[in-house]
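Order of the sequence lines sets the chain letters (A, B, ...), proteins ahead of strands, with each chain counted from 1.
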Protein chains: 2
Amino acid sequence: MSINEIAKHLKVSKSTVSLVINGKAEQARISQSLAKRILDYVEEIGYKPNALAKSLATGRSNTIGLIVENIGDSFFGPIALYIEEYLRPYGYHVLYSSTLGDLDLARTILTAMVDKKLEGLILAPAMGQEDQVLQLLGSKTPLVIFDRRIPQIPTNYVGTDNYTASKKAVEHLLDRGFSEIGMITIDSEQPQMRDRLRGYHEIVELQQKEKSILTLPYRMVLAERMESIKQFLVDNPQLDALYFSTNYLCVSTLKVVQSLQKDKAYGMLSFDDHELFELLNPTVSCMRQPLEAIAKEVVTTLMTQINNPDAAFRETIIPSDLVIRHSSQ
Amino acid sequence: MSINEIAKHLKVSKSTVSLVINGKAEQARISQSLAKRILDYVEEIGYKPNALAKSLATGRSNTIGLIVENIGDSFFGPIALYIEEYLRPYGYHVLYSSTLGDLDLARTILTAMVDKKLEGLILAPAMGQEDQVLQLLGSKTPLVIFDRRIPQIPTNYVGTDNYTASKKAVEHLLDRGFSEIGMITIDSEQPQMRDRLRGYHEIVELQQKEKSILTLPYRMVLAERMESIKQFLVDNPQLDALYFSTNYLCVSTLKVVQSLQKDKAYGMLSFDDHELFELLNPTVSCMRQPLEAIAKEVVTTLMTQINNPDAAFRETIIPSDLVIRHSSQ
DNA sequence: GTGAAAGCGCTAACAG
DNA sequence: CTGTTAGCGCTTTCAC
């Protein structure tokens, strides 16, 4: 079942078979009849080239690595789907991994992917992975960072305008008459989270209001997270609105509020939309990142670098949209 | 940066280097000092073996293929995450692809994965892919089918008890006093959907009630789907409860009901849970498939076959849990 | 203890 | 037009 056996059986040489199979019969000026004979036999025995051997010989694996925080969540999941779809026309497959925000795991994964000689890497880096990325950059592997930029290191990057969008979000809440706005956020070291937080800081300071911020670690079990949020709400009775740096914090908070059964209604606005936000009562306003556009740009950027390794890095900021629903009215 | 250069530089042979790197120095009785010299140099230049070449030589790619319908949805996304996690201890990586229910695409993807000589395949097959699976079975590639079984073809399989769970769900609705239960389902040819439908049929017939079934195609744009659902509700004013074969149909219906602004409240029960079902008003009852347990069993089954290619096929049915919330009270 | 050599399956010059 | 040859980078057997 190898090219060798085919060659032997047909009494031609390996290279002839290889050329024909790869559609280069024409340009290698191989006779139509011979080509047909080979193709027919290949068809007959159902021969399939070994992609591994091909990759080794050509240096092309036709595979792109995708490293995200959690493939199962409502941000990275759909992004992954879109990335796969946009990559498909180029003939690329996707090898994925979720880091779950764990640095050690993230390092191991990245190392493994580099060793596999993938043709390109799409990475939402974990905190602390900067040095490894820097090193990777030296190796000339095409790379696109997304969602969270690595400050100080110039790379290809695609992400949303976290800072500006965050300011808009908080301003919107203020405009609608809320005056004491608390922010619930996560793992404040991540650049995108920092920027969202910064936006909150700036607007609230501008209004000379009090800041109330709850910062939660990533990877906290739901029950604990809910407990922290509950305490935060209790400790800050003055709050009339809540701003969330990401949607699952909003979801957790909604669960807390529901369990509290107080009838205090907070104004709410979350970064990132959620499929069911428009079904809740009240419906939940959000800053929506355009997932498909981000995925598309990630792929375009990667392809650009693959086809032109020496091109300058490209940074694309894709603005998020404020989606106004009832929770911020 | 290849093993060759290391050998040359150290003036030893390739094989010695290879043995040392792979920790077989001991058994090959290579001197401690030589081994250390090699290891040190490897460390120094930061040498990484080329995984591709290694795979070609050993025939092991350390990669498992995962083919699902949609990696971005709330069923397959989390499943993919769990599969990855359970696979990690074995040193396997995951190459994924979404078929979006498209047969041609599904065939192409499966073919490509087979050519890549992956060490195992986890597959939620598309309709019509039976022949291809049959063929794959002949090739001895370790394979686990999940979510949707292929009738008539014995394979490893992991899934839930669709038929029984569906009966329980409809019975529950009846028990709670609903009497005219409509079912909204999809693409009724898929075995798991058939089974869910069959459960509905059986219970409703047992009660000598009228059946009202709306069958929607997979891959329908949201607006059209909502339109069909709306029409269905209008045409069937007698319905007092709705049973959904999968959660996004329930979500779509909730959107329709919301837009209708009638205050008719349907009893509702959906197959598959959704993160926000417990936040809606009323909270939505469901049949919950234990995602992590399914993923775990998929991996266990696959590993069993990989380690013991001649073992008999293993079929595991993991029961779903009825989660009772307010929508079915 | 160590190294030479063959081979995994394929591609791609280059000769004829 | 077709075949020879030399790799791609690594593993593994078997002499020495």
Side-chain angles (χ1 to χ4, degrees), chain A residues 1-39 41-42 45-63 91 112 114-119 139 141, chain B residues 1-39 41-42 45-63 91 112 114-119 139 141:
Chain A
M1 276 280 214
S2 81
I3 206 173
N4 241 319
E5 299 171 36
I6 296 182
K8 215 161 282 175
H9 179 96
L10 260 28
K11 300 201 171 61
V12 296
S13 92
K14 267 167 56 165
S15 50
T16 308
V17 177
S18 174
L19 288 171
V20 170
I21 285 175
N22 291 301
K24 294 180 184 159
E26 191 81 346
Q27 82 182 60
R29 293 183 300 178
I30 289 168
S31 69
Q32 298 260 328
S33 61
L34 209 205
K36 183 164 183 343
R37 213 154 58 86
I38 293 176
L39 256 12
Y41 185 64
V42 160
I45 65 171
Y47 163 78
K48 292 288 173 184
N50 179 324
L52 232 43
K54 188 166 183 161
S55 292
L56 181 59
T58 58
R60 308 201 54 210
S61 63
N62 282 304
T63 307
V114 171
D115 294 350
K116 284 211 173 192
K117 298 277 182 283
L118 304 188
E119 288 185 51
S139 84
T141 304
Chain B
M1 277 280 216
S2 81
I3 205 173
N4 241 319
E5 300 171 36
I6 296 182
K8 215 160 283 173
H9 179 95
L10 260 29
K11 301 204 169 59
V12 296
S13 91
K14 267 166 55 164
S15 49
T16 308
V17 177
S18 173
L19 289 170
V20 169
I21 286 176
N22 292 302
K24 295 179 185 160
E26 192 82 346
Q27 81 182 63
R29 292 184 299 178
I30 289 169
S31 69
Q32 298 260 331
S33 61
L34 211 205
K36 181 162 184 342
R37 211 152 61 84
I38 293 177
L39 255 13
Y41 185 63
V42 160
I45 66 172
Y47 162 79
K48 293 287 172 185
N50 178 326
L52 232 43
K54 187 166 184 160
S55 292
L56 181 59
T58 58
R60 306 201 56 210
S61 62
N62 281 305
T63 306
V114 171
D115 294 351
K116 284 210 172 192
K117 299 276 182 285
L118 304 188
E119 288 185 51
S139 84
T141 304

Integer-rounded Å distance: [N] [atom2] and [X] [atom1]:
X	N	atom1	atom2	answer
B:K14	D:dG9	NZ	P	10 Å
B:K8	C:dT2	NZ	P	20 Å
B:L19	D:dC14	CG	P	14 Å
A:N50	C:dT11	CG	C1'	13 Å
B:R37	C:dT2	CZ	C1'	12 Å
A:K117	C:dC10	NZ	P	22 Å
B:N22	D:dT13	CG	C1'	15 Å
B:R29	C:dG1	CZ	C1'	7 Å

At under 4.0 Å between heavy atoms, what does [X] touch on the DNA or RNA strands: base, sugar-phosphate, or nothing?
X	result
A:L52	nothing
A:L34	sugar-phosphate
A:S2	sugar-phosphate

Check whether any side-chain nitrogen or oxygen of [X] sits under 4.0 Å from OP1 or OP2 of [N], and answer yes or no.
X	N	result
A:N4	C:dC10	no
A:S31	D:dC1	no
B:T16	C:dG3	yes
B:S18	D:dT11	yes
A:Y47	C:dC10	yes
A:T58	C:dC10	no

What is the distance from atom [atom1] of [X] to atom [atom2] of [Y], rounded to the nearest 0.5 Å?
X	Y	atom1	atom2	value
A:L10	A:I38	CG	CD1	6.0 Å
B:N4	B:S13	CG	OG	10.0 Å
B:L34	B:L19	CG	CG	11.0 Å

5' priority, DNA chain C, between B:I30 and A:K54 [closest heavy atom]: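 Final value for this comparison: B:I30.
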5′-ward residue of the pair B:A28/B:A53 relative to DNA chain C: B:A28
hbond_proxy B:S15 side chain to C:dT2 base (donor-acceptor, 3.5 Å cutoff): no
Exam field: side chain A:T58 to backbone A:K54, donor-acceptor pair closer than 3.5 Å: yes
Identified side chain to side chain contact (heavy atoms under 4.5 Å, CB included) partner of A:E119 from the options A:T141, A:T63, A:N62: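 Going through the options one by one, the only one that passes is A:N62.
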